[in-house]
Asker: 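My questions all concern the structure below.
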Amino acid sequence: MILDRRSFLQGVTAAAVGLAAPRRAAAEPSPEELILGGKPDLRIHQARPVNAETPVTLLDGDVTPNHHHFVRNHGLVPARAPLRDLDGWSLTVDGVVDRPTAFTLEQLQEDFPSRTANVVLECAGNGRAGYRPQTKGTPWTLGAVGCAQWTGVLLRDVLDTLDVRLNDAVHVAFEGEDRHLSGDPGKQALSRAIPFQKAVDGHTMLAWAMNGEPLPAEHGWPLRLIVPGYPGSASGKWLRRLWVRDQEHDSEGMGGLSYRMPRHPVAPGGAVDPEQMQVIEQMPVKSIITHPGTGVGVAAGEPLQIRGQAWSGAGRITAVDLSWDFGNTWTAANLQAPPNPYAWQRWARPITLPGPGYYELWARATDETGAMQPQVVPGWNPRGYLNHAMQRIAIQVT
Ligand SMILES: Nc1nc2c(c(=O)[nH]1)N[C@H]1C(S)=C(S)[C@@H](COP(=O)(O)O)O[C@H]1N2
Ligand SMILES: [Mo]
């Protein structure tokens, strides 16, 4: 369900009654209200924690502006973030390293070469609303994805200075400063990990800026991970610790049904033994149609410009094709090269539909491994991850 703004505000009031956190005067907005106030165009799924997606037509740019980028929070934004309070903050990097170190933000900014890249961040649950039966979790439609320009340092450069015990390093786990919804300070809102090899792949970053500005409070100020091509949940926000582990990370966010897919296909609605699940790593090939919006009208004989974005965790997009006859025939769109690896690629094509009537326009992307988006919603899974089915829009020709 997508809340309208009025019911969201009522929801906030109702939620506030049961909270351990101190009650605020009505005039003083909570950090969560401030976040949503700064993102008036997003569709709110949940207000506390903030979970809000971007209407797909607002993803039309090469870069997603901060006020349009989706937000996916498991817990509550740390108190220091909206205040921009760095007091006592550092990033500890430890575990199977000979030189465990706590870095200040200034050290990271000054002691390592900084770099900037456009990177797609997509929630593994994006598209969950398409699964039948519906699964547990936020029913994201198309907009739990964005492509911002991130600035920071390569995680590889930082790890290089710590003398990591290479024979022991298996996973790099993050711990964030966000607070668990239960209010229990001993519990983490979300802690996940990536394979050590991914951490040092020369793309995974520690980022402090988003589209040229310090990270917004809701996007992880002062420092977050950006793990290109992996589920958004790998890109830990509000970092306070990276833990190089000699085993696979065993947090709640890595086990059970969380961010994991069945090893073998399962019938819709079927039960899966958590032992038969594996952690999602590389994200699949996907595209969106960002212009026009579904339901658009056009006069017969008039060309209509169709455009969108395409990306894949496996590498470059090599083709985007369009069909307006239910997949019988396909027409190639023009595809732009990405500015850097793991950025989304813009595609566009003017089309003239054959005559009056109702059309469905489909878009499908193919990546450099030959992987292509499925025409229908792919295999059902217990938490509704990785729905990368082709998007369709309706067009009425008059
Ligand atoms: N500390 C922390 N990091 C986090 C999360 C979180 O709840 N806590 N959510 C993750 C998930 S599931 C996603 S999809 C992305 C969303 O990033 P965004 O809110 O900047 O779009 O952040 C990830 N990093
Ligand atoms: Mo996510």
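Note that ligands are numbered from 1 as they come in the structure, with each ligand's atoms numbered from 1 the same way.
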Asker: Is any side-chain N of the basic residue among Asp94 and Arg241 closer than 4.0 Å to the acidic one's carboxylate O?
Answerer: yes
Asker: For atom 9 (N) of ligand 1, which protein heavy atom lies nearest, and how many Å away is it?
Answerer: Arg72 O, 3.2 Å
Asker: For ligand 1, note which part of Tyr259 has a heavy atom under 4.0 Å away: side chain, backbone, both or neither.
Answerer: side chain
Asker: Give the residue, atom name and distance (to 0.1 Å) of the protein heavy atom nearest atom 24 (N) of ligand 1.
Answerer: Ser235 O, 3.0 Å
Asker: Please state which option from Arg192, Glu122, Lys237 has its nearest heavy atom closest to atom 19 (O) of ligand 1.
Answerer: Lys237
Asker: Out of curiosity, is Ala189 lining ligand 1, as in a heavy atom under 4.0 Å away?
Answerer: no
Asker: In the protein, which heavy atom is nearest to atom 21 (O) of ligand 1, and how far is it?
Answerer: Phe70 O, 2.8 Å
Asker: Considering the heavy atoms of Val71, write down every atom of ligand 1 situated less than 4.0 Å from one of them.
Answerer: 19 (O)
Asker: With heavy atoms under 4.0 Å as the rule, classify the contact between His69 and ligand 1 as side chain, backbone, both or neither.
Answerer: side chain
Asker: If you look at every heavy atom in Leu42 and His68, which pair is closest and at what distance?
Answerer: CD2-O, 3.5 Å
Asker: By number and element, which atoms of ligand 1 are closer than 4.0 Å to a non-hydrogen atom of Asn73?
Answerer: 7 (O)
Asker: Got a second to check how far Arg43's CZ is from Leu142's CG, nearest 0.5 Å?
Answerer: 8.0 Å
Asker: Taking the six-membered ring of Trp330 as reference, does the NZ or CZ atom of Arg364 fall below 6.0 Å from its centre and within a 45° cone about the axis?
Answerer: yes
Asker: Pick, from Cys123, Ser233, Ala234, Gly220, the option with the minimum heavy-atom distance to atom 11 (C) of ligand 1.
Answerer: Ser233
Asker: Considering non-hydrogen atoms of the protein only, which is the closest contact for atom 15 (C) of ligand 1, and what is the distance?
Answerer: Gly232 O, 3.4 Å
Asker: What protein heavy atom sits nearest atom 2 (C) of ligand 1, and how far away is it?
Answerer: Asp178 OD2, 3.4 Å
Asker: To check your reading of the model: name the closest protein heavy atom to atom 5 (C) of ligand 1, its residue, and the distance in Å.
Answerer: Leu190 CD2, 3.6 Å
Asker: For the aromatic rings, using the six-membered ring if either is Trp, is the centroid distance between Tyr342 and His203 under 6.0 Å?
Answerer: yes
Asker: Which atoms of ligand 1 have any heavy atom of Gly236 under 4.0 Å away?
Answerer: 3 (N), 24 (N)
Asker: Indicate whether the side chain of His219 and that of Asn66 have a donor and an acceptor atom separated by less than 3.5 Å.
Answerer: no
Asker: Using a heavy-atom cut-off of under 4.0 Å, does the side chain or the backbone of Leu239 touch ligand 1, or both, or neither?
Answerer: neither
Asker: Could a heavy atom of Arg224 be found less than 4.0 Å from some atom of ligand 1?
Answerer: yes
Asker: Any idea which heavy atoms bring His249 and Ala193 closest together, and the distance?
Answerer: CB-CB, 3.3 Å
Asker: Taking it one step at a time, do Lys286 and Asn126 satisfy side-chain contact (heavy atoms from CB on, under 4.5 Å)?
Answerer: CA-CA 11 Å; Lys286 196 159 178 180; Asn126 196 23; 3.5 Å; yes
Asker: Output the distance between atom OG1 (Thr369) and atom CD (Gln282), rounded to the nearest 0.5 Å.
Answerer: 7.5 Å
Asker: Please state whether the rings of Trp140 and Phe70 are parallel, tilted or perpendicular, taking 30° and 60° as the class boundaries.
Answerer: perpendicular
